[in-house]
Amino acid sequence: MLPVKLPENIDLNVKGNPLDSQKSWKEVDVNGKKLFRETDTLDTFVCSSWYYLRFCSPNNDEKGFSKEDVNYWMPVDQYIGGVEHAILHLLYSRFFMRALSYKNEELNITEPFQGLFTQGMVCHETYKDPDNNWISPEQIETINGKKYLKTDHTKKIKVGPSESMSKSKKNTIDPENIIINYGADSARLFILSDSPPEKDVQWSEEGIISSFKFIQKLWNLNSKILDEINKNNKEDIDEELTRGTNKFLKKVNDNLESFSYNKIIANLHEIYSFLINKIKKKYSKKTLTENYQKILIAIMPVLPHFSNECLELINAKEIKWPKYDETLLIQDRVNIVVQINGKKRELINTSPNISEENLFEIINKNETLKKYLNNKNIKRKIYIKDKLINIII
């Protein structure tokens, strides 16, 4: 029968649920039958439904939270969690916040979280032995392209679908082995580069190896940049290094804000190719050091260990998140791809924001394009400003 009055003076210094040790309360007699009361009085989600309020007043010994702290810190700016939290945890949290704010003039916050981003799961193939028992990847050996049990090569392993990693299905990967063999940065790089963060990540050994190799390329690039810095050049040949760094910083900032972490990895590959070519141009020690330091700080969220090591090697003293210069983002020239019936035929370098009419005047004077367009009937032109023009003949 409910409600049930809980016992008083409970000893809380016990393992597990304190009510389990209250035998006089837990054990009851109903019509001569010995029964046991339910001791789990609250769902586990209750604890995680108001923790954000406790975080506002972590040192308050008198109550869970104070209205002054909550009104200052709440609501939470951004909640990031797995898809498994999207229903119960968030539903309970919203209920608690509304219940606490109901007819409460001192606390009037109806939504606990202003923003929600639901991240995907890390997935891996599943494996079973002939007896239908789950097998972990560490228990498997590949021979001639087929998978067998390491301890018994007569037992062939059945490969199941890729599912979210779980201990019950034994399709987890020990992160310690990954860190020992490839480093923590390789794991971070692979997880972020594989797909958008809201999508599931398909774990693969090949992906980790690829990320590891790219970090080695970055390390070799770092050595070349250090050699250029040590040459102590006094003057810059142009502003292209600074301009390229600013474009990179703008992209990284925008992609961090939009949670497009996989695009940051694409930006990282772009800046690698850019630096490989630009460091040959003999920039001054000051310009090269300042720009490289900004790039290293910008990649800290992705490659923190690599970044810190390189920053130490260039004697970086003050680490602040770099700002980009808007004036350096304005392009003086752009390369426009010219396609004829969808096939690339020429690349035209011209001023930005050129009109289709003026661009076509340049095309008509281009010797390479004349042989494709002379005496041809142009049916249609598709122009994407500053990027591409497709001429249909």
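Every value quoted in this text rests on a predicted model; they were computed, and no experiment measured them. The first residue in the sequence is number 1, and the count goes up from there.
- Hydrophobic clustering places Phe248 together with Ile314 (ILVMFWY residues linked when any side-chain heavy atoms are closer than 4.5 Å, directly or through intermediates).
- Counting only distance, with no hydrogens or angles, the side chain of Ser260 and the backbone of Lys263 share no donor-acceptor pair below 3.5 Å.
- The two residues Asn390 and Gly342 come nearest to each other via the heavy atoms OD1-N, 3.0 Å.
- Hydrophobic clustering (side-chain heavy atoms under 4.5 Å, transitive across Ile, Leu, Val, Met, Phe, Trp, Tyr) groups Leu373 together with Ile336.
- Side-chain contact between Ile297 and Lys320 is absent, with no heavy atoms from C-beta onward closer than 4.5 Å.
- No more than 12 heavy atoms of other residues, nucleotides or ligands shown are found within 6.0 angstrom of CZ on Phe95.
- To the nearest 0.5 Å, atom CD of residue Glu138 and atom CG of residue Asn177 are 6.5 Å apart.
- The backbone N or O of Lys128 sits nowhere less than 3.5 Å from a side-chain atom of Asn133 that would complete a donor-acceptor pair.
- Looking only at atom types and distance, the side chain of Glu270 has no donor-acceptor partner in the side chain of Tyr272 under 3.5 Å away.
- Taken from NZ in Lys231 to CG in Leu226, the straight-line distance is 12.5 Å, to the nearest 0.5 Å.
- Two residues are said to be in side-chain contact when any heavy atoms from C-beta on lie closer than 4.5 Å; Arg54 and Phe65 fail this criterion.
- Applying side-chain contact (heavy atoms from CB on, under 4.5 Å) to Leu218 and the options Ile271, Leu303, Leu275 leaves one that passes, Leu303.
- Ser101 and Asn104 share no donor-acceptor pair across their side chains, judged by distance under 3.5 Å alone.
- Ring to ring, Phe113 and Tyr52 are close: their centroids are under 6.0 angstrom apart.
- Remark: side-chain polar atoms of Asn255 are not paired, donor with acceptor, to backbone N or O of Tyr261 under 3.5 angstrom.
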(Q) Between Lys323 and Lys294, does the side chain to side chain contact (heavy atoms under 4.5 Å, CB included) criterion hold? Intermediate values first, please. (A) CA-CA 8 Å; Lys323 296 181 179 179; Lys294 290 178 180 178; over 6 Å; no
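- In this structure a side-chain-to-backbone donor-acceptor pair under 3.5 Å is present from Gln139 to Ser136.
- Atom OH of Tyr182 is separated from atom CG of Leu189 by 14.0 Å, given to the nearest 0.5 angstrom.
- Considering every non-hydrogen atom in both Pro304 and Asp185, the closest pair reads CD-OD1, 3.3 Å.
- Distance OH/Tyr51 to NE2/His89: 4.0 Å, rounded to 0.5 Å.
- The shortest side-chain heavy-atom distance between Tyr148 and Lys155 does not fall under the 4.5 Å cut-off.
- Heavy atoms of other residues, nucleotides or ligands lying less than 6.0 angstrom from NZ of Lys199 number 12 at most.
- Between the Asn71 side chain and the Glu106 main chain, a donor and an acceptor come within less than 3.5 Å of each other.
- More than 12 heavy-atom neighbours from other residues, nucleotides or ligands sit within 6.0 angstrom of NZ on Lys247.
- Between the side chain of Glu346 and the main chain of Asn366, no donor-acceptor pair closer than 3.5 Å is present.
- The ring of Tyr92 has its center no closer than 6.0 angstrom to the ring center of Phe96.
- At distances below 3.5 Å, not a single donor-acceptor pair connects side-chain atoms of Thr39 with backbone N or O atoms of Asp20.
- Relative to the ring axis of Phe360, Lys381 places its NZ or CZ within 45° and under 6.0 Å from the centre.
- Both Val252 and Leu192 sit in one connected hydrophobic cluster of ILVMFWY residues. Membership requires side-chain heavy atoms under 4.5 Å apart, directly or through other members.
- The number of heavy-atom neighbours closer than 6.0 Å to CD of Glu38, taken from other residues, nucleotides and ligands shown, is above 12.
- Asn171 and Trp134 are not linked by any side-chain donor-acceptor pair at a separation below 3.5 angstrom, with hydrogens and angles left out of the test.
- Asn220 and Ser223 are not linked by any side-chain donor-acceptor pair at a separation below 3.5 angstrom, with hydrogens and angles left out of the test.
- A distance of 10.5 Å separates CG of Asn181 from CD of Glu176, quoted to the nearest 0.5 Å.
- By the 6.0 Å contact criterion, CD on Gln216 is enclosed, its count of non-hydrogen atoms from other residues, nucleotides or ligands being greater than 12.
- Among Ile389, Ile391, Ile378, the single residue meeting the side-chain contact (heavy atoms from CB on, under 4.5 Å) criterion with Ile340 is Ile391.
- Residues Val334 and Asn349 have side chains not in contact (no heavy-atom distance under 4.5 Å, counting atoms from C-beta outward).
- Side-chain polar atoms of Asp238 and Tyr283 form a donor-acceptor pair below 3.5 angstrom.
- Atoms CG and SG, from Asn222 and Cys310 in turn, are 3.5 Å apart once rounded to the nearest 0.5 Å.
- For the 3.5 Å distance criterion, the side chains of Asp236 and Ser284 qualify, holding a donor opposite an acceptor.
- Within a 6.0 Å sphere centred on CD of Gln78, heavy atoms belonging to other residues, nucleotides or ligands number more than 12.
- With hydrogens and angles ignored, the 3.5 Å screen pairs a side-chain donor or acceptor of Ser273 with a backbone N or O of His269.
- Asp325 and Asn246 form no side-chain donor-acceptor contact under 3.5 Å, judged by distance and modelled atom types alone.
- Arg94 CZ: 12 or fewer foreign heavy atoms inside a 6.0 Å radius.
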Q. Tyr372 and Asn341: side chain to side chain donor-acceptor pair (under 3.5 Å), yes or no, with the steps?
A. CA-CA 10 Å; Tyr372 295 106; Asn341 286 352; over 6 Å; no
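- Contact detail for Asn233 and Glu228: the closest heavy-atom pair is ND2-OE1, 4.2 Å.
- Looking only at distances, a side-chain donor or acceptor of Arg188 sits under 3.5 Å from a matching main-chain atom of Pro301.
- At least one side-chain heavy atom of Trp25 sits less than 4.5 Å from a side-chain heavy atom of Arg37.
- Summarising the geometry of Ile208 relative to Ser186, their closest heavy-atom pair is CD1-O, 4.0 Å, with the distance given to 0.1 Å.
- Counting only distance, with no hydrogens or angles, the side chain of Ser57 and the backbone of Asn60 share no donor-acceptor pair below 3.5 Å.
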Q. Hey, mind stepping through Lys34 and Asp29 against side chain to side chain contact (heavy atoms under 4.5 Å, CB included) and telling me if it holds?
A. CA-CA 5 Å; Lys34 189 177 181 180; Asp29 186 285; 5.5 Å; no
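- Judged purely by distance below 3.5 Å, without hydrogens or angles, the side chains of Gln202 and Ser162 pair a donor atom with an acceptor atom.
- Inter-residue side-chain proximity for Cys56 and Tyr72 is flagged as unmet; no heavy-atom pair is nearer than 4.5 Å.
- Under a hydrophobic-cluster definition in which Ile, Leu, Val, Met, Phe, Trp and Tyr are linked whenever side-chain heavy atoms come within less than 4.5 Å, directly or via other members, Ile392 and Leu369 are assigned to different clusters.
- Between Glu309 and Trp219 the shortest side-chain heavy-atom distance falls below 4.5 Å.
- Cluster membership for Tyr292 and Leu328, using ILVMFWY side-chain heavy atoms within less than 4.5 angstrom, is not shared.
- Side chain to side chain, Thr242 and Glu239 fail the donor-acceptor criterion of an N or O pair below 3.5 Å.
- Between Phe190 and Trp203, the ring-plane angle classifies as perpendicular under the 30° and 60° cut-offs.
- Between Met165 and Met121, every side-chain heavy-atom pair lies at or beyond the 4.5 Å cut-off.
- Residues His124 and Glu163 have side chains that never bring a donor and an acceptor to within less than 3.5 angstrom of each other.
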